[in-house]
Asks: 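One structure coming up, written as structure tokens, with questions to follow.
In what follows, every heavy atom counts, from backbone to side chain, and hydrogens, waters and symmetry copies are set aside. All values reported here derive from a predicted model rather than from experimental measurement.
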Amino acid sequence: MKKTLTLCLCALTLAAHGAPKKSAYRYSRWSIGVSAGTPFFWGDMNSLAGDKTYIGATAGLQATWQATPFLGVSATADYALNKAGSRSYAAGYQLAPDGFTYYKEQAFPTMSYGDLYSRIGMWTAGLHLDLNVNRLAGPCMAYAWPKLIVSPGVYALHFDTDVRRKSDNSVYVKDMTKGDISLGLGGDVVLRQKLSRTLDLQLRGTGMWIVDREFDNIATVGYARQNAYWALSAGVIFKLGGVRRANLIYKLK
């Protein structure tokens, strides 16, 4: 019974999408894409702050080479901009003008976390290994839509960050990164839906651990491990040569 049901599902899937082509030369290996969405930062301050949730913006480009129907390699370039504020329990922490944190009031001038926010701009360049998860679930799922793609990656990061007063948006702590390049480790989980032979629609979730623990322009005594970034974005993928050829990611065999 189970085998019969599986064969029926395969037949329905192939009937809906058509039989796969067998010649690899008929398939395009290259695609490019654009995307936009909203990012969130987790550091000593957090985009999901105690008093509000900060909504920012991110935009990016990607280029992908599809080596096989299962495996691809992609390069991404993105810019993200958002704010981060104090968590509820940390609103009373004190920040000095040099960006260092104290956990109680000091004899010299400081300001409370609750009266400040961090404005974070981040440029990223990423290199990814794209894995078409559908192909691990057998021939039926390999030809089904949408495609689920898991894409671990490594990132080079550049930050443009300062800490500002909530009262007048003036700069309280200047950018401490000094143009340094940092490292990020993480990747994407992607749902991709075919629109036409030329275009796909893509929904992408990005998660990343940031090596630079002072990316939000705040320094602390402890070694914070919650330096993280998450973004949700939507985009369009253009398959090069797709007018004449399907993309290799659609190839069944």
Asks: Is Thr110 close to Leu95 at the side-chain level, that is, under 4.5 Å between some pair of heavy atoms?
Replies: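 When only atoms from C-beta onward are counted, Thr110 and Leu95 do not touch, as no gap falls below 4.5 Å.
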
Asks: Is Val173 close to Asp162 at the side-chain level, that is, under 4.5 Å between some pair of heavy atoms?
Replies: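 Answer no - side chains too far apart.
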
Asks: Are Phe215 and Leu81 linked, directly or through intermediate hydrophobic residues, by side-chain heavy-atom contacts shorter than 4.5 Å (ILVMFWY only)?
Replies: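 The answer is no; the residues belong to distinct hydrophobic clusters.
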
Asks: Applying the side chain to side chain contact (heavy atoms under 4.5 Å, CB included) test to Tyr229, which of Asn82, Thr58, Leu157 qualifies?
Replies: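 With Tyr229 as partner, Asn82, Thr58, Leu157 yield a single side chain to side chain contact (heavy atoms under 4.5 Å, CB included), made by Thr58.
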
Asks: State, to 0.1 Å, how close Ser47 and Ala84 come at their nearest heavy-atom pair, and which atoms those are.
Replies: N-CB, 3.8 Å

Asks: Quick check: Tyr155 with His128 (ring centres under 6.0 Å apart)?
Replies: yes

Asks: For the side chain of Arg29 and the backbone of Ala67, is there at least one donor-acceptor N/O pair under 3.5 Å apart?
Replies: yes

Asks: Is there a continuous path of hydrophobic side-chain contacts, each under 4.5 Å between heavy atoms, that joins Ile32 to Val34?
Replies: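 Ile32 and Val34: separate clusters.
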
Asks: Classify the angle between the aromatic ring planes of Tyr102 and Phe100 as parallel (below 30°), tilted (30 to 60°) or perpendicular (above 60°).
Replies: perpendicular

Asks: About how many Å separate CH2 of Trp42 and CZ of Arg87, when rounded to the nearest 0.5 Å?
Replies: 10.0 Å

Asks: Applying side chain to side chain contact (heavy atoms under 4.5 Å, CB included), run through Leu127 and Val73 and close with a yes or a no.
Replies: CA-CA 8 Å; Leu127 184 63; Val73 178; 4.1 Å; yes

Asks: Taking all heavy atoms of Asn227 and all of Gly43, pick out the closest pair and write down the distance.
Replies: OD1-CA, 4.2 Å

Asks: Set out, in order, the CA-CA distance, both residues' side-chain angles and the distance that settles side chain to side chain contact (heavy atoms under 4.5 Å, CB included) for Phe70 and Arg135, then state yes or no.
Replies: CA-CA 6 Å; Phe70 171 69; Arg135 295 193 56 81; 4.0 Å; yes

Asks: Can Val236 be reached from Trp30 by stepping across I, L, V, M, F, W or Y side chains whose heavy atoms are under 4.5 Å apart?
Replies: yes

Asks: Starting at CD of Gln62, measure out to OG of Ser233 and round the result to the nearest 0.5 Å.
Replies: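 Between atom CD of Gln62 and atom OG of Ser233 there are 8.5 Å.
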
Asks: Return yes when atom CD of Gln106 has more than 12 non-hydrogen atoms of other residues, nucleotides or ligands closer than 6.0 Å, and no otherwise.
Replies: yes

Asks: Please answer: with hydrophobic residues joined when any side-chain heavy atoms are less than 4.5 Å apart, are Leu191 and Ile237 in the same cluster?
Replies: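 No; Ile237 is not reachable from Leu191 via cluster members.
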
Asks: Going by an N to O cut-off under 4.0 Å, is there a salt bridge joining Lys147 and Asp130?
Replies: no

Asks: Is the shortest side-chain N to carboxylate O distance from Asp51 to Lys166 below 4.0 Å?
Replies: yes

Asks: Distance from Asn132 atom CG to Ile249 atom CD1, nearest 0.5 Å?
Replies: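 Spacing of CG (Asn132) from CD1 (Ile249) equals 4.5 Å.
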
Asks: Please determine whether side chain to side chain contact (heavy atoms under 4.5 Å, CB included) holds for the pair Asp44 and Thr101, giving the CA-CA distance in whole Å, both sets of side-chain angles, and the decisive distance to 0.1 Å.
Replies: CA-CA 9 Å; Asp44 294 295; Thr101 298; 5.7 Å; no

Asks: For a quick check under 3.5 Å, do Gln193 and Gln202 share a side-chain donor-acceptor pair by atom type?
Replies: no

Asks: Between Thr206 and Trp230, is any pair of side-chain heavy atoms under 4.5 Å apart?
Replies: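 Answer no - side chains too far apart.
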
Asks: Any non-hydrogen side-chain atom of Tyr172 less than 4.5 Å from a side-chain atom of Arg165?
Replies: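 They are in side-chain contact.
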
Asks: Is there a donor-acceptor pair closer than 3.5 Å between any side-chain N or O of Thr38 and the backbone N or O of Ile55?
Replies: no

Asks: Please answer: with hydrophobic residues joined when any side-chain heavy atoms are less than 4.5 Å apart, are Leu48 and Tyr89 in the same cluster?
Replies: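 Leu48 does not cluster with Tyr89.
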
Asks: Any non-hydrogen side-chain atom of Tyr54 less than 4.5 Å from a side-chain atom of Phe40?
Replies: no

Asks: Using a 4.5 Å cut-off on heavy atoms from C-beta on, say whether the side chain of Val163 contacts that of Val171.
Replies: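 The answer is no, as the side chains (C-beta and beyond) never meet within the 4.5 Å cut-off.
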
Asks: Which heavy-atom pair separates Gly50 from Ser88 by the least distance, and what is that distance?
Replies: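 For Gly50 versus Ser88, the nearest heavy atoms are CA-OG, 3.4 Å.
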
Asks: Can Lys194 and Asp200 be counted as an ion pair, charged N to O under 4.0 angstrom?
Replies: no

Asks: Which residues pass the ring pair (Phe, Tyr, Trp, His ring centres under 6.0 Å) test with Tyr93, not counting sequence neighbours?
Replies: Tyr103, Tyr113

Asks: Can you see which heavy atom on Arg204 is nearest to which on Ser35, and at what distance?
Replies: NH2-OG, 3.4 Å

Asks: Quick one: does Ser182's side chain get under 4.5 Å of His158's, heavy atoms only?
Replies: no

Asks: Please output the side-chain donor-acceptor pairs of residues 114-125 that fall under 3.5 Å, not counting sequence neighbours, one pair per line with the distance.
Replies:
{"unit_1": "Tyr117", "atom_1": "OH", "unit_2": "Asn169", "atom_2": "OD1", "d": "2.9"}
{"unit_1": "Ser118", "atom_1": "OG", "unit_2": "Asp216", "atom_2": "O", "d": "2.7"}

Asks: Side chain to side chain contact (heavy atoms under 4.5 Å, CB included) for Ser112 and Gln94? Distances and angles first, verdict last.
Replies: CA-CA 5 Å; Ser112 298; Gln94 301 295 307; 3.0 Å; yes

Asks: Can you find a pair of side-chain heavy atoms, one from Leu131 and one from Leu71, that are under 4.5 Å apart?
Replies: yes

Asks: Measure the CG-CG distance between Asp78 and Leu61 for me, rounded to the nearest 0.5 Å.
Replies: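 Spacing of CG (Asp78) from CG (Leu61) equals 7.5 Å.
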
